[in-house]
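Below is one structure; the comments refer to it alone.
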Amino acid sequence: MKGLKCLLGICLLTGIFFLEKWVPAAEVCADTKEEKITLRMMYYWGDTDSDISARYLKEILENDFPQAFPDVELIQETCDNETYKKKLKILMASDEIPDIMISYGGGFSENFVKAGKVLPLDGYLDDFYKERMDMEYQQNFIFDEKVYGICYANWKGVLYCNTELFEKAGAELPETYGELLEACEKLRAADVEPIALGILNKWQGQQWINNFTIQLGGADYYKAMAAGEESLDNDVLLTAAELTVGLIEADAFCADMYQLVSGEAEEMFLDGEAAMIYIGSWFTQSAEESLGNRVTAVKMPLVPGAKYPQDYHGGGSNGWIVSADTRYPETAVDIIEWLSYELSCYQPENSTFVLEEGAEKNEVGGLSREILEMYSEKEAGGIAWDSLMNSDRAGIWLDSCAGLFEKRMDGRAFIEELSRAIG
């Protein structure tokens with residue numbers, strides 16, 4: 001009898017040992033509600049002083065998240081945008097993928113989806129959010145008819161102008177490419193830098209070529225080229241490159257663009273040191289806070305031969321995704337649905353949801369209202385090629401764009417070099 005009791009005691013102790021060793025504490029307490037689930041979350045907003053979205057995210061996570069998800073503890077990791085892209089690619093190639101992270105739509109995320117690294121969300125989506133998603137802005141996270149991410153903001157390409165500097169130079173706000181060249185010439189004559197631009201991290205240079213390409217060839221053709229379904233050796237891209245070269249040769253861009261990253265170029269405009277900057281509408285609130293009524297917004301001036309003036313540069317490009325290996329898929333999806341909707345409530349002018357009445361945390365007014373009206377007749381959009389293209393093609397594309405600016409090559413040389421590199 002003693003032997004039997006001894007044997008039972010050993011079995012009980014052994015069972016407790018294996019339970020403690022192999023059942024994670026968070027998982028046990030998730031059932032008993034004694035402790036919190038811990039999830040890793042990674043995103044690229046680190047500077048709440050200069051990035052409005054970072055400010056809103058910080059407010060949401062500090063003030064609203066604890067009430068919405070009392071049983072969840074988030075371990076947050078963040079860094080600047082360019083470092084983030086590299087870090088995310090490295091982590092996706094490892095077994096250290098965070099549970100929740102921001103990614104970029106199109107080809108950038110598609111590589112991770114094909115590698116089985118991203119959780120398909122369809123079986124977890126809540127009807128409340130699912131019914132309110134504006135699917136026009138979710139398309140860049142849908143692959144093979146499955147949803148792999150939730151886009152939290154859309155953007156439109158905007159040429160922001162400092163009206164005070166235009167008045168100082170006696171220049172008119174441009175509506176056409178020719179008028180843009182004229183304005184830049186007058187601004188230079190008045191010792192004003194025309195256009196702020198940072199080439200060191202490359203993406204701001206591509207924006208000009210991307211916009212001209214959409215105007216000339218339309219959003220559908222633009223996206224087909226990015227996907228590799230159409231050759232890049234074509235007259236549309238050639239003309240877009242030559243128009244960009246025309247601006248470079250006219251000294252339209254700031255003199256030290258080769259020494260600036262995009263953030264420094266943005267600060268240059270916000271500090272009143274340049275008359276224009278072309279960037280996404282996420283920049284609006286920062287521009288208004290810094291420049292007040294001195295800032296206005298116009299569409300990118302129409303280029304000669306523009307056949308698609310109602311197609312626009314922009315769309316839904318950034319969103320939250322979930323690791324395929326997360327141990328808490330339902331909770332992780334609940335969080336990214338909630339976060340995306342909350343961010344839309346704080347920035348209703350860039351919302352990717354049809355918001356409930358009274359859900360807006362900020363009123364759409366001023367410059368944001370003007371931009372919405374400016375794009376009220378938009379027909380089709382296309383986000384930047386460094387997101388639409390897969391990672392390999394995007395790297396080559398950005399290098400080629402930087403080369404166009406730095407080498408001042410002509411359009412034909414640019415196309416030939418790009419086609420050789422991409423194949």
Side chains of [X] and [Y]: closer than 4.5 Å at any heavy-atom pair?
{"X": "H313", "Y": "M300", "answer": "no"}
{"X": "I199", "Y": "F253", "answer": "no"}
{"X": "V113", "Y": "D144", "answer": "no"}
{"X": "F212", "Y": "T239", "answer": "no"}
{"X": "Y124", "Y": "V322", "answer": "no"}
{"X": "I102", "Y": "Y84", "answer": "yes"}
{"X": "L260", "Y": "Q204", "answer": "no"}
{"X": "Y160", "Y": "L367", "answer": "yes"}

message: Could you walk me through whether F128 and Y341 satisfy the ring-ring contact (aromatic ring centres under 6.0 Å, His included) test, starting with their C-alpha distance in whole Å, then the side-chain angles of each, then the deciding distance to 0.1 Å, before giving a yes or no?
response: CA-CA 10 Å; F128 174 87; Y341 188 80; 5.5 Å; yes
For [X] and [Y], which heavy atoms make the closest approach, and how far apart are they?
{"X": "C151", "Y": "Q138", "answer": "N-OE1, 2.8 Å"}
{"X": "N362", "Y": "Y346", "answer": "ND2-O, 2.8 Å"}
{"X": "A196", "Y": "C254", "answer": "CA-SG, 4.1 Å"}
{"X": "S391", "Y": "N111", "answer": "N-ND2, 3.4 Å"}
{"X": "P309", "Y": "L302", "answer": "CB-CD2, 3.9 Å"}
{"X": "L355", "Y": "E360", "answer": "CD1-CG, 3.9 Å"}

Starting at [atom1] of [X], measure out to [atom2] of [Y] and round the result to the nearest 0.5 Å.
{"X": "N201", "Y": "L398", "atom1": "CG", "atom2": "CG", "answer": "9.5 Å"}
{"X": "F269", "Y": "N162", "atom1": "CZ", "atom2": "CG", "answer": "5.5 Å"}
{"X": "D251", "Y": "L181", "atom1": "CG", "atom2": "CG", "answer": "11.5 Å"}
{"X": "L343", "Y": "T352", "atom1": "CG", "atom2": "OG1", "answer": "9.0 Å"}
{"X": "I335", "Y": "L339", "atom1": "CD1", "atom2": "CG", "answer": "7.5 Å"}
{"X": "I415", "Y": "N234", "atom1": "CD1", "atom2": "CG", "answer": "6.5 Å"}

query: Taking NZ, NE, NH1 and NH2 as the nitrogens, is one of them in R393 or E110 under 4.0 Å from a carboxylate oxygen of the other?
result: no
- prompt: Can K361 and E59 be counted as an ion pair, charged N to O under 4.0 angstrom?
  reply: no
message: Could you walk me through whether F112 and L88 satisfy the side chain to side chain contact (heavy atoms under 4.5 Å, CB included) test, starting with their C-alpha distance in whole Å, then the side-chain angles of each, then the deciding distance to 0.1 Å, before giving a yes or no?
response: CA-CA 10 Å; F112 307 146; L88 187 58; 4.1 Å; yes
Any sub-3.5 Å donor-acceptor pair from [X]'s side-chain atoms to [Y]'s backbone N or O?
{"X": "R40", "Y": "E77", "answer": "no"}
{"X": "S94", "Y": "L91", "answer": "yes"}
{"X": "Q139", "Y": "M135", "answer": "yes"}
{"X": "D271", "Y": "E273", "answer": "no"}

Can you tell me if [atom1] on [X] sees more than 12 non-hydrogen neighbours from other groups inside 6.0 Å?
{"X": "E185", "atom1": "CD", "answer": "no"}
{"X": "E330", "atom1": "CD", "answer": "no"}
{"X": "E377", "atom1": "CD", "answer": "no"}
{"X": "E373", "atom1": "CD", "answer": "yes"}
{"X": "D235", "atom1": "CG", "answer": "no"}

- prompt: Is the distance between the ring centroids of F405 and W208 under 6.0 Å?
  reply: no
- prompt: Are the aromatic rings of W338 and Y129 close, with centres under 6.0 Å apart?
  reply: no
- request: Under the side chain to side chain contact (heavy atoms under 4.5 Å, CB included) rule, what do E136 and K378 come out as? Steps first, then yes or no, please.
  value: CA-CA 12 Å; E136 175 187 353; K378 62 182 172 55; 3.4 Å; yes
Pair [X], [Y]: side-chain N/O donor-acceptor within cut-off below 3.5 Å:
{"X": "T83", "Y": "D80", "answer": "yes"}
{"X": "N211", "Y": "Q207", "answer": "no"}
{"X": "Y221", "Y": "T213", "answer": "no"}
{"X": "S109", "Y": "S103", "answer": "yes"}
{"X": "Y44", "Y": "N318", "answer": "yes"}
{"X": "W385", "Y": "Q206", "answer": "no"}

field: Within 45° cone and under 6.0 Å: K85 NZ/CZ vs Y104 ring
entry: yes
query: Between V147 and M133, does a side chain to side chain contact (heavy atoms under 4.5 Å, CB included) hold up when you go through it step by step?
result: CA-CA 12 Å; V147 178; M133 287 181 186; 5.8 Å; no
- request: Any chance you could lay out the side chain to side chain donor-acceptor pair (under 3.5 Å) test for Q76 and Y43, step after step, and finish with the verdict?
  value: CA-CA 8 Å; Q76 301 176 49; Y43 53 94; 2.6 Å; yes
Which side-chain N or O atoms in residues 165-178 pair as donor and acceptor under 3.5 Å with protein atoms at least two apart or in another chain?
unit_1, atom_1, unit_2, atom_2, d
T176, OG1, E179, N, 3.1
Y177, OH, L243, O, 2.6

task: Could you go through the side chain to side chain contact (heavy atoms under 4.5 Å, CB included) check for L372 and V364 one step at a time?
output: CA-CA 9 Å; L372 285 179; V364 180; 3.7 Å; yes
task: List for me each residue that meets side-chain hydrogen bond (donor to acceptor under 3.5 Å, both in side chains) alongside K156, sequence neighbours excluded, and say none if there are none.
output: N154
task: Would you please classify the geometry between the W282 ring and the W155 ring as parallel, tilted or perpendicular, with 30° and 60° separating the classes?
output: perpendicular
- request: Using side chain to side chain contact (heavy atoms under 4.5 Å, CB included) as the criterion, list what pairs up with I97, not counting sequence neighbours.
  value: M92, M101, K117, S323
